[in-house]
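Order of appearance sets the numbers: ligands from 1, and atoms from 1 within every ligand.
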Amino acid sequence: MGMQSSLPLPSWKTVLTQIIFYFILEDFVFYWGHRVLHTKWLYKHVHSVHHEYATPFGLTSEYAHPAEILFLGFATILGPALTGPHLMTLWLWMVVRVLETVEAHCGYHFPWSFSNFLPIYGGADFHDYHHRLLYTKSGNYASTFVYMDWIFGTDKGYRKLKALKSGHMEDSGKEM
Ligand SMILES: [Zn+2]
Ligand SMILES: [Zn+2]
């Protein structure tokens, strides 16, 4: 794959560009792979393991059927396989990708959560919604960003709920 492990280390610009590219590519491939996992047979025999937790916490991000790990792991490895990065970049990518999915499953939306600063980033609130619903009515399939679900209309339920919640909060604010 053209991967290097010798010195000098790549520049931070190369590392950053590659990792941003991996995130975008991973999110795209993951979205479609995850949608396929929500078809009847694959959900019943494979993906339902990951969905045992309707209210996930960090560790459950890696809790899945081995076939799912291989299948969706392909999305993680595709970017590096195409670009042949330095070994350190590959490790860094793996670390940030795991941290990203742990955050998405942590169950807490903090004031300092990444999605507060980067609106295209999904985070815990976005993925929590995915775990709460039945597989046929699910949405929010993307791993990192929100735009894939927005483009393909699989975030409609989530957006509706958000609108209802913010409307409700405004109403209760008026009452006070
Ligand atoms: Zn799912
Ligand atoms: Zn999940």
Consider only side-chain N and O atoms of Glu68 and His47, and report whether a donor and an acceptor are under 3.5 Å apart. yes

Assess, by modelled atom type and distance only, whether the side chains of Asp128 and His109 contain a donor and an acceptor separated by less than 3.5 Å. no

Rounding to 10°, state the angle centred on the Zn ion (ligand 1) that links NE2 in His34 with NE2 in His38. 100°

What about the rings of Phe57 and His105, do their centers lie closer together than 6.0 Å? no

Nearest 0.5 Å, what's the OH-CZ distance between Tyr31 and Phe152? 6.5 Å

Tally of protein N/O/S atoms under 2.8 Å from the Zn ion (ligand 2)? 4

Aromatic ring centroids of Tyr43 and His51 under 6.0 Å? yes

What heavy-atom pair brings Val15 and Pro10 nearest, and what distance separates the two atoms? CG2-CG, 3.8 Å

